[in-house]
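What follows is a set of notes on a single structure, which appears directly below.
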Amino acid sequence: MTVTVRFAPSPTGFLHIGGARTALFNWLFARHHGGRFLLRIEDTDRQRSTQAAIDAIIDGLKWLGLDWDGDIVFQFVRSARHAEVARRLLAEGKAYCCYASPEELEQMRAEQKARGLPLRYDGRWRDRDPREAPPNVKPVIRLKAPRTGETVVEDRVQGRITVANEQLDDMVLLRADGTPTYMHSVVVDDIDMGITHVIRGSDHMTNTFRQVQLYRAIGAEPPQFAHIPLIHGADGAKLSKRHGALGVEAYRDMGYLPEAMRNYLLRLGWAHGDDEIIPTDQAVEWFDLGGVGQSPARFDFAKLDSVNAHYMREAPDARLAALMRPFLEKKRGKPIDPHGFARVLRGMPGLKPRAQTLVQLADIAAFYVADRPLPMDDKAQKLLTPEAKAMLGRLRSRLAGVTPWHEVAIEEAVRGFAEAEKLGLGKVAQPLRAALTGTTASPGIFEVMAVLGSEESLGRIADQAGG
RNA sequence: GUCCCCAUCGUCUAGAGGCCUAGGACUCCGCUCUUUCAAGGCGGCAACACGGGUUCGAAUCCCGUUGGGGACGCCA
């Protein structure tokens with residue numbers, strides 16, 4: 001049987017980081033085994049499902065590079081099938097009609113809570129004669145779950161997990177309006193789609209027992225389950241919208257590379273010995289459920305930054321420049337002309353080891369496309385003393401004679417000038433850097449001049465030089 | 001409250017009874033390289049939650065305590 005997994009988000013919001021990791025693990029598992037990775041949108045909650053959320057999930061998966069097989073399955077479309085299975089169970093006596101109203105059940109739970117009892121449906125209609133049903137009340141269909149014995153799940157991550165059946169109540173399969181519940185739809189769809197492995201967050205752990213009972217009632221063999229621990233926020237609390245559970249598009253907008261995101265997310269909960277940098281093709285080769293950890297992990301931006309910095313250094317200059325472009329244009333508030341973009345591209349080798357994100361990369365690349373005269377930051381301004389300005393004037397004259405305008409020739413000229421002036425190179429380089437970049441930190445100054453070209457370099461120096 | 005799960009440096013983790021005076025990565029701190037800032041190289045700080053067992057021997061197995069998380073909907 002070919003390995004078949006699915007990622008099954010509900011379209012009630014963006015694709016958050018936990019969902020992204022679940023999708024990644026499923027995708028890796030499928031690709032590792034040469035199996036299929038299916039996408040199913042769980043939109044049975046008509047009130048909360050939105051097209052915007054569906055789009056966000058699809059965009060997020062695409063950005064992360066997680067391609068699914070076949071067509072997207074929309075769960076709601078299959079509701080007739082779900083109802084059919086529920087009614088079959090009803091006919092077989094494995095399910096029953098429950099006429100308790102929502103208000104009645106709410107009251108039941110309130111009483112249970114008040115008396116310190118477990119919150120469970122008490123099975124009040126389980127064995128009651130349907131002829132006693134109140135008039136004009138549409139019933140829900142509940143599973144007639146076993147009341148004795150225990151349900152065992154052999155989880156591929158958590159190991160064997162057991163629960164006493166008396167802890168579980170009779171879950172609703174079909175709502176009063178005839179629509180299926182999540183619990184029921186999931187099981188029917190997973191059976192129909194031939195899902196062999198269910199890899200999902202451990203918040204679904206307790207659902208699993210109920211779902212296994214449903215599989216048994218339907219007469220199907222349950223798939224293998226693998227519950228991966230949740231991701232927590234930096235403070236250890238549950239990752240919620242308030243605790244940095246951002247959509248993947250937020251990470252894209254913060255300037256993270258998708259391959260870095262995949263690597264970081266992979267290491268959050270999965271390990272292969274001491275390996276840290278694991279490119280995606282390597283991950284596909286190595287991924288296994290045995291490497292998944294059992295305890296929750298905290299999301300750590302510092303580590304993500306470091307991983308991202310690594311992948312930025314490895315990325316080809318042209319790709320990085322293209323990816324960074326929108327960030328730089330946003331920062332400038334206007335487009336970059338081809339001339340400026342060419343500079344950024346040429347300057348990329350010196351730029352990329354100095355940034356951890358595309359946002360930072362745009363920040364430090366900005367001077368390459370800045371218009372003259374450049375604004376000087378405070379530290380740069382401080383360096384440009386009257387003496388320094390005069391020095392820059394003399395240096396400019398010397399530089400004007402450099403041909404061809406190449407890095408090596410420029411360096412020779414500047415070093416020769418410093419020597420002639422009896423100045424340390426730093427005394428010359430720092431004011432020069434200020435004039436050329438408007439800051440005190442930048443790529444190597446000879447590289448900067450070479451990239452800028454002689455005309456622009458001399459112009460910028462002249463802008464700051466005295467006399 | 002009931003049930004389920006988890007527990008190694010600040011964080012992510014390696015560790016499947018002796019290889020552990022517990023390894024790697026990130027962060028932080030030094031040193032080095034150096035025209036600045038990075039990157040790189042070298043080095044440092046830092047952990048087996050606690051208590052009982054089992055065993056010749058336990059971070060690793062068992063039990064308990066504590067702590068954390070998750071689930072208890074006609075939401076998914």
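These values consider heavy atoms only, across backbone and side chains, with no hydrogens, waters or symmetry-generated copies. Order of the sequence lines fixes the chain letters, A, B, ..., with proteins taken first and strands second; residue numbering starts at 1 for each chain.
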Candidate nucleotides [options], ranked by approach to the side chain of [X] - the nearest:
X: A:V140; options: B:C6, B:C74, B:U2; value: B:C74
X: A:S10; options: B:A76, B:C4, B:C74; value: B:A76
X: A:A441; options: B:C12, B:U36, B:C74; value: B:U36
X: A:D203; options: B:A38, B:G1, B:A71; value: B:A71
X: A:S295; options: B:G73, B:A7, B:U2; value: B:A7
X: A:S442; options: B:U35, B:C4, B:U36; value: B:U36
X: A:P353; options: B:A39, B:U36, B:A76; value: B:A39
X: A:T44; options: B:U35, B:G73, B:A76; value: B:A76
X: A:Y182; options: B:U13, B:G69, B:A76; value: B:A76
X: A:R433; options: B:G70, B:C12, B:U36; value: B:U36

Item to complete: Answer yes or no: is there a donor N or O on one side and an acceptor on the other, between the side chain of A:S49 and the main chain of A:R46, under 3.5 Å?
Response: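 Such a contact is absent between A:S49 side chain and A:R46 backbone.
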Worksheet item: Does A:N308 use its side chain to pair, donor to acceptor, with the backbone of A:Q356 at less than 3.5 Å?
Response: yes
Measure the distance from [atom1] on [X] to [atom2] on [N] and round it to the nearest whole Å.
X: A:W270; N: B:G15; atom1: CH2; atom2: C1'; result: 16 Å
X: A:L119; N: B:C4; atom1: CG; atom2: C1'; result: 16 Å
X: A:H272; N: B:G24; atom1: NE2; atom2: P; result: 18 Å
X: A:I228; N: B:G69; atom1: CD1; atom2: P; result: 19 Å
X: A:Y121; N: B:A71; atom1: OH; atom2: P; result: 24 Å
X: A:M171; N: B:A71; atom1: CE; atom2: C1'; result: 14 Å
X: A:Q360; N: B:A39; atom1: CD; atom2: P; result: 11 Å
X: A:E411; N: B:U35; atom1: CD; atom2: C1'; result: 9 Å

Under-4.0 Å side-chain N/O to phosphate OP1/OP2 contact, [X] with [N]:
X: A:R109; N: B:C72; value: no
X: A:Q294; N: B:C6; value: yes
X: A:R120; N: B:G73; value: no

Let's test this: given Watson-Crick or G-U wobble pairing with both distances under 3.5 Å, identify the partner of [N].
N: B:C26; result: B:G10
N: B:C3; result: B:G70
N: B:G40; result: B:U32

Fill in: Side-chain heavy-atom pair A:Q167, A:R120 within 4.5 angstrom cut-off
yes
Item to complete: Could you tell me whether the side chain of A:L61 reaches within less than 4.5 Å of the side chain of A:L15, counting heavy atoms only?
Response: yes
Discussion item. Can you work out whether A:P180 or A:T162 has the more 5'-proximal nearest nucleotide on RNA chain B?
Written reply: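 This one resolves to A:T162.
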Practice prompt. Let me know, please, whether A:G269 or A:L174 comes out on the 5' side of the other along RNA chain B by nearest nucleotide.
Written response: A:G269
Response to the item:
Once base and sugar-phosphate atoms are separated, protein heavy atoms under 4.0 Å mark nucleotides 25-31 of chain B, 5' to 3', with B, S and - as BS-----
For [N] and [M], measure between their [atom1] atoms and round to the nearest Å.
N: B:U8; M: B:U60; atom1: P; value: 12 Å
N: B:C62; M: B:A16; atom1: P; value: 16 Å
N: B:C29; M: B:A46; atom1: C1'; value: 12 Å

Scan [X] against the nucleic acid and name what it touches under 4.0 Å (heavy atoms): base, sugar-phosphate only, or nothing.
X: A:P443; result: base
X: A:D305; result: nothing
X: A:I161; result: sugar-phosphate
X: A:A176; result: base
X: A:L268; result: sugar-phosphate
X: A:F446; result: base

Discussion item. Below 4.0 angstrom, which residues in residues 94-103 of chain A have at least one non-hydrogen atom near RNA chain B?
Written reply: A:A100, A:S101, A:P102
Discussion item. Holding to side-chain contact (heavy atoms from CB on, under 4.5 Å), I want the full list of residues that pass it with A:L399, two or more places apart in sequence or in another chain.
Written reply: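 Result, side-chain contact (heavy atoms from CB on, under 4.5 Å) vs A:L399: A:L395, A:V402, A:W405, A:A413, A:V414, A:M449, A:L458, A:I461.
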Worksheet item: Charged N to carboxylate O below 4.0 Å: is that the case for A:E84 and A:R81?
Response: yes
Worksheet item: Is the shortest side-chain N to carboxylate O distance from A:E456 to A:R460 below 4.0 Å?
Response: yes
Discussion item. Can you pull out every ring pair (Phe, Tyr, Trp, His ring centres under 6.0 Å) where at least one residue sits in residues 96-127 of chain A? Sequence neighbours excluded, please.
Written reply: A:Y99-A:W125
Discussion item. Considering only residues two or more places apart or on different chains, which pairs with a residue in residues 290-307 of chain A satisfy side chain to side chain donor-acceptor pair (under 3.5 Å)?
Written reply: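 Listed by first then second residue: A:Y256-A:D305, A:E276-A:K303.
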Worksheet item: For A:T280, what residues pass the side chain to side chain donor-acceptor pair (under 3.5 Å) criterion, not counting sequence neighbours?
Response: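 A:R262.
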Discussion item. For the residue pair A:R48 / A:S10, report whether a side-chain donor-acceptor contact shorter than 3.5 Å exists.
Written reply: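 The answer is no; no qualifying pair exists.
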Fill in: Cation-aromatic face contact A:R78/A:F74, 6.0 Å, 45 degrees
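No, A:R78 does not sit over the ring of A:F74.
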